[in-house]
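Below you'll find the structure, written out as structure tokens, and then a few comments.
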Amino acid sequence: MKAIVNHFEIPADDLERAQSFYAEVFGWKMEDWGDGNIMVEAAEGGIGGDIHQRGSDVPHPTFVITVDRIEDAVAAITAKGGQMVSSIQTMEGMGRYAYFKDSEGNLLGVWDTVTDAVQEE
């Protein structure tokens, strides 16, 4: 199974302040996607990510692992003692994601680019 870390997520209480901080400190280039999400462009040799409005689902920084098929990852996660903390969600025309806690209680995400799959309930 493919398992590539390719996205990070940073929650923020004040999106403008956070965007300014990361742009000025690290020179990150960003694009406001609206709806409380600012996408961070991947630097050469690095990964991209986002800064989003802090909520209860992802209250601290995390990273996302791209897999071939999210249902297979969910099955493996739960079989090895991980716990799903969200259902599989779809980003229209892009892919699907879900959040889980690993065996140590760390919150992480999984993502696939399957856009035509039937979403499980």
Side-chain angles (χ1 to χ4, degrees):
M1 170 171 54
K2 171 176 68 174
I4 301 167
V5 175
N6 74 341
H7 183 83
F8 63 84
E9 299 176 343
I10 300 173
D13 296 317
D14 183 323
L15 290 174
E16 249 182 65
R17 180 177 64 207
Q19 183 175 11
S20 176
F21 175 85
Y22 287 102
E24 292 175 23
V25 172
F26 298 112
W28 289 0
K29 292 180 174 49
M30 296 171 241
E31 180 181 351
D32 190 340
W33 279 24
D35 202 28
N37 289 294
I38 298 170
M39 298 307 291
V40 179
E41 184 180 309
E44 186 177 334
I47 64 173
D50 72 67
I51 300 171
H52 61 271
Q53 191 66 50
R54 187 183 314 273
S56 59
D57 55 343
V58 185
H60 51 77
T62 191
F63 62 87
V64 178
I65 303 163
T66 297
V67 297
D68 293 318
R69 188 169 173 272
I70 205 165
E71 290 84 1
D72 296 338
V74 167
I77 289 163
T78 56
K80 294 298 181 183
Q83 175 186 355
M84 299 310 299
V85 296
S86 77
S87 61
I88 298 170
Q89 303 293 313
T90 300
M91 288 184 72
E92 189 71 30
M94 295 181 68
R96 304 175 303 154
Y97 66 92
Y99 292 103
F100 69 96
K101 287 189 179 179
D102 68 8
S103 60
E104 308 310 305
N106 298 304
L107 182 66
L108 306 166
V110 286
W111 166 267
D112 74 14
T113 56
V114 176
T115 57
D116 58 353
V118 175
Q119 185 161 333
E120 293 184 355
E121 295 299 320

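Partner of I38 under the side chain to side chain contact (heavy atoms under 4.5 Å, CB included) criterion, chosen from Q53, H52, E16, M30: M30.
Remark: the H7 side chain and the D50 side chain contain an N/O donor-acceptor pair separated by less than 3.5 Å. With 3.5 Å as the limit, one finds a donor-acceptor pair spanning the side chains of Q89 and S87.
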Chi angles and distances behind the ring pair (Phe, Tyr, Trp, His ring centres under 6.0 Å) call for F100, W111: CA-CA 11 Å; F100 69 96; W111 166 267; over 10 Å; no
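Residues I65 and V5 come closest through the heavy atom pair CG1-CG2, 4.2 Å. Here the closest non-hydrogen pair linking L107 and T62 is O-OG1, 2.5 Å. I70 and A98 make their closest contact through CD1-N, 3.7 Å (heavy atoms, listed as atom of the first residue, atom of the second, distance).
Using a 30° and 60° split on the angle between ring planes, F26 and Y22 fall in the parallel class, below 30°.
Formation of a donor-acceptor pair under 3.5 Å by the T113 side chain with backbone atoms of G95 is not found in this model. A donor-acceptor pair under 3.5 Å is absent between the side-chain atoms of S20 and the main chain of R17, judged by distance alone. Panel note: side chain D68, backbone K2; a donor-acceptor pair is recorded below 3.5 Å.
Ion pairing between a basic and an acidic side chain is recognised when a charged N comes within 4.0 Å of a carboxylate O; R54 and E9 show no such pairing. Salt-bridge annotation for D112 and R96: present, with a side-chain N of the basic residue lying under 4.0 Å from a carboxylate O of the acidic one.
Note on M91: it does not cluster hydrophobically with I4, by side-chain heavy-atom contacts below 4.5 Å among ILVMFWY residues.
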